[in-house]
K.L.:
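Right, I'll just put the structure down here and ask away after.
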2 protein chains.
Amino acid sequence: MTPPPPPATEPGVHAGSAVRRPTLKDVANEAGVHPATASRALNPETRHLVNDETAQRVHRVADSLGYQPNPIARSLKTARSSSIGLVIPDLTNPLFPPIVRGVEDVLGGVGYNAWIVNTDNDPARETAAVESLQNRSVEGFVFATARLHHPLLERLAAIGTPTVLVNRRLAMSDIPSVTGDDAGGVAMAMRHLVDLGHRKIVHLAGPQDLSTGVNRLRAFRQALEDHGLENSPSRLKLCSAWAETAGAKAVTELLDDGVEFTAVLAGNDLLALGCYDALAERGLSCPDDVSVVGFNDMPFVDKLSPPLTTVRIPHYEVGAEAAHLLLERLRAPSRSARSILLPLTLVNRKSTAPPRRL
Amino acid sequence: MTPPPPPATEPGVHAGSAVRRPTLKDVANEAGVHPATASRALNPETRHLVNDETAQRVHRVADSLGYQPNPIARSLKTARSSSIGLVIPDLTNPLFPPIVRGVEDVLGGVGYNAWIVNTDNDPARETAAVESLQNRSVEGFVFATARLHHPLLERLAAIGTPTVLVNRRLAMSDIPSVTGDDAGGVAMAMRHLVDLGHRKIVHLAGPQDLSTGVNRLRAFRQALEDHGLENSPSRLKLCSAWAETAGAKAVTELLDDGVEFTAVLAGNDLLALGCYDALAERGLSCPDDVSVVGFNDMPFVDKLSPPLTTVRIPHYEVGAEAAHLLLERLRAPSRSARSILLPLTLVNRKSTAPPRRL
DNA sequence: CTGAAAGCGCTAACAC
DNA sequence: GTGTTAGCGCTTTCAG
């Protein structure tokens with residue numbers, strides 16, 4: 001003799017104010033139980049505390065009413081928000097969207113959401129963003145903005161805020177991170193070049209305040225040594241930014257200085273792009289005159305002419321793994337922090353060939 | 001005789017549980033006023049209701065305590081969340097990041113935030129996402145996923161949910177939107193081609209269930225007429241997706257069918273890319289044999305060979321304008337809904353030239 | 001197993 | 001101008 005269900009509201013789409021959304025109390029009343037019982041019945045964690053029959057009734061009523069728990073009220077009570085902060089430099093940099101999707105896809109699977117903020121690499125914006133996210137009670141953070149020395153992240157780690165880094169790491173800290181195996185990637189790229197017969201290889205190194213920049217440079221030096229190649233300082237150009245212009249400038253200077261090289265290992269694809277520009281400007285052909293390999297496998301670098309050979313970083317997986325790490329951390333704050341190194345792959349296209357000139 | 005301020009806590013960065021974050025009550029106690037008064041003093045909207053002296057004292061105490069209002073508690077009380085939902089097909093499509101940043105940048109300026117969800121163009125995912133966002137009490141939506149016929153959006157509009165569309169619109173509905181002026185863009189592109197001397201121009205039309213697809217096609221036909229060009233059905237290829245493969249397929253079929261053309265107007269850059277592929281496959285050169293113009297000015301299309309001439313849509317501004325429209329709507333729900341058409345620009349690069357072959 | 005009661009932090013009537 | 005009171009919707013002791 002349950003009362004007839006009320007006129008079914010269109011599930012999922014409620015009016016701004018046309019019909020008040022049902023609350024837990026409504027469900028409880030309708031089901032003839034106390035709100036606390038309804039709460040227990042509806043929450044998977046506590047469902048076992050309530051009589052199975054009652055629980056089913058509550059569920060039926062909830063469905064028929066189109067009841068949806070109010071996460072805000074729940075948050076206020078539990079001080080948990082089912083949300084995390086995802087801090088990136090700039091969404092329009094094609095590196096980051098796959099990471100974001102990786103994070104969101106795994107988070108979404110367990111009812112979590114991410115607040116995304118762009119810092120444009122401005123520490124002040126970053127601090128403000130973190131503060132604002134903390135106000136919104138995020139339970140943890142994923143940062144793609146780590147610098148080698150990063151006071152904010154160090155402080156966050158010190159006070160135990162659940163945090164996972166992606167792509168980049170701090171100089172010294174045990175903050176869990178998910179990064180590509182830069183050293184491995186560089187080794188692959190260098191072996192590729194050496195196998196092709198190249199002996200004079202230059203490196204366009206990225207900013208040395210970021211772990212990626214220093215790791216790739218270090219690995220380059222290691223590869224030089226491993227392959228018995230001369231480690232001349234002239235074979236190295238430090239670029240102040242991961243930007244096309246910086247890459248072009250570096251290669252132009254190399255050329256102007258009369259440095260001999262048949263191949264260049266660019267710290268990333270943007271630098272490689274700049275390299276293409278500078279080479280073209282000097283009437284040098286790629287790969288006939290010089291081979292170049294990039295890093296990241298950005299969208300459309302396969303459309304360049306020649307298509308860019310590059311080291312692919314599994315960005316989506318980076319994001320997904322980071323989300324897993326963070327969730328794990330949130331569930332069991334005690335578990336020791338792990339970091340993950342993801343394998344990279346060389347994508348061999350047309351921008352590398354055996355050296356023609358000495 | 002104000003009591004000495006407590007030891008200053010590191011502002012902005014609080015421990016997970018080390019020190020409890022100060023609440024309004026703490027501030028009120030410290031300032032010797034009732035929480036309600038503190039609330040009024042701290043809230044710009046109501047600050048005028050309280051004695052200026054008292055208000056200043058409250059502010060001082062709040063600062064010294066590092067007090068930050070809890071948006072969750074406020075939301076629960078006010079039923080407003082200072083957040084909106086931003087629904088896009090896929091963040092990894094380079095079209096969308098600039099839109100997202102446009103939205104977030106203006107929203108952030110007034111204390112709003114956006115929840116971003118990806119639907120992968122799946123209506124079921126979209127419905128689920130909207131529902132989940134409604135649970136989170138978003139105050140409104142920006143949709144980049146509109147189809148000509150879109151029951152969900154129609155329902156949302158019907159019940160008065162503040163909503164703004166970007167890029168695409170519905171067939172018939174007065175939902176406010178911010179889009180590029182597709183008709184104008186196509187007209188510019190066609191005039192460009194005609195001025196170059198092209199008379200045989202084909203159009204690779206995008207999906208016809210999206211407003212962009214039909215608007216660009218309609219404008220193409222209009223341009224044919226305006227310039228006195230023959231409107232032969234063979235000069236048109238409908239593509240089932242905005243994808244490179246679809247573009248390649250279309251052009252290949254055109255070639256196979258012996259259709260004569262010296263220029264192609266691609267519905268978007270991806271289609272243009274496919275066009276490049278198909279042309280190359282047949283040993284045809286661009287722009288020597290055929291000129292192509294794209295649509296969108298995606299990142300890196302200036303790096304193709306030849307660099308793609310395309311119609312640029314100001315995506316960032318689209319997002320920014322949409323945010324403004326939505327905010328306005330949230331402040332004054334009554335104000336009549338406007339839609340905005342943003343001017344497009346032709347980016348003339350190297351992929352168009354006077355026709356060589358007839 | 002279920003109900004009662006309290007309270008998360010804040011704001012909005014309503015008094016005074 | 002300020003305090004009082006109540007309550008947003010939910011969870012969580014604590015009793016029974």
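So you know, we letter chains A, B, ... as the sequences are listed, proteins then strands, and number each from 1.
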K.L.:
Side chains of A:Asn135 and B:Arg21: any donor to acceptor distance under 3.5 Å?
P.N.:
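Their side chains do contain a donor-acceptor pair, which is all the 3.5 Å distance test asks for.
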K.L.:
A:Val142 and side chain to side chain contact (heavy atoms under 4.5 Å, CB included): which partner among A:Ile116, A:Val318, A:Val166, A:Ile88?
P.N.:
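Result for side chain to side chain contact (heavy atoms under 4.5 Å, CB included) with A:Val142: A:Val166.
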K.L.:
Polar pairs (N or O, both sides) under 3.5 Å between protein and nucleotides 9-12 of chain D?
P.N.:
residue	atom	partner	partner atom	Å
D:dG9	N2	A:Ala73	O	3.3
D:dC10	OP1	A:Tyr67	OH	2.5
D:dC10	OP1	A:Asn70	N	3.1
D:dC10	OP2	A:Leu24	N	2.4
D:dT11	OP1	A:Arg74	NE	2.6
D:dT11	OP1	A:Arg74	NH2	3.0
D:dT11	OP2	A:Ser39	OG	2.8
D:dT11	O2	A:Lys77	NZ	3.3

K.L.:
Using only atom types and a distance under 3.5 Å, with no angle test, would you say the side chain of A:Asp26 pairs donor to acceptor with the backbone of A:Thr23?
P.N.:
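Confirmed, A:Asp26 side chain pairs with A:Thr23 backbone.
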K.L.:
Give a yes or no on whether a salt bridge exists between A:Asp174 and A:Arg169, defined as a side-chain N under 4.0 angstrom from a carboxylate O.
P.N.:
no
K.L.:
For A:Tyr67 versus A:Pro22, what's the shortest heavy-atom pair and its separation?
P.N.:
CD1-O, 3.4 Å
K.L.:
Please tell me if the side chains of B:Ser83 and B:Tyr112 come closer than 4.5 Å, counting only heavy atoms from C-beta onward.
P.N.:
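The answer is no, as the side chains (C-beta and beyond) never meet within the 4.5 Å cut-off.
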K.L.:
Do the non-hydrogen side-chain atoms of B:Leu156 and B:Leu153 ever get within less than 4.5 Å of each other?
P.N.:
yes
K.L.:
Hey, does A:Ser75 reach any base, or is it just sugar-phosphate, or nothing, if we go heavy atoms under 4.0 Å?
P.N.:
nothing
K.L.:
Looking at B:Ser173 and B:Leu170, would you say the former's side chain and the latter's main chain have a donor-acceptor pair under 3.5 Å?
P.N.:
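Checking the backbone N and O of B:Leu170 against the side chain of B:Ser173, no donor-acceptor pair under 3.5 Å is found.
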K.L.:
To the nearest 0.5 Å, what is the distance between CG (B:Leu165) and OG (B:Ser339)?
P.N.:
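One gets 8.0 Å once the value is rounded to the nearest 0.5 Å.
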K.L.:
Could you give the angle between the helix axes at the two ends of the helix from C:dC1-D:dG16 to C:dC16-D:dG1, with five pairs per end, rounded to 10 degrees?
P.N.:
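The angle, to the nearest 10 degrees, is 40°.
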K.L.:
I'd like the 5' and 3' limits of the part of DNA chain C contacted by chain A, with heavy-atom contacts below 4.0 Å.
P.N.:
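First and last nucleotides in contact are C:dC1 to C:dG9.
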K.L.:
Verify the neighbour count for atom CZ of A:Arg47: are there more than 12 heavy atoms of other residues, nucleotides or ligands below 6.0 Å?
P.N.:
yes
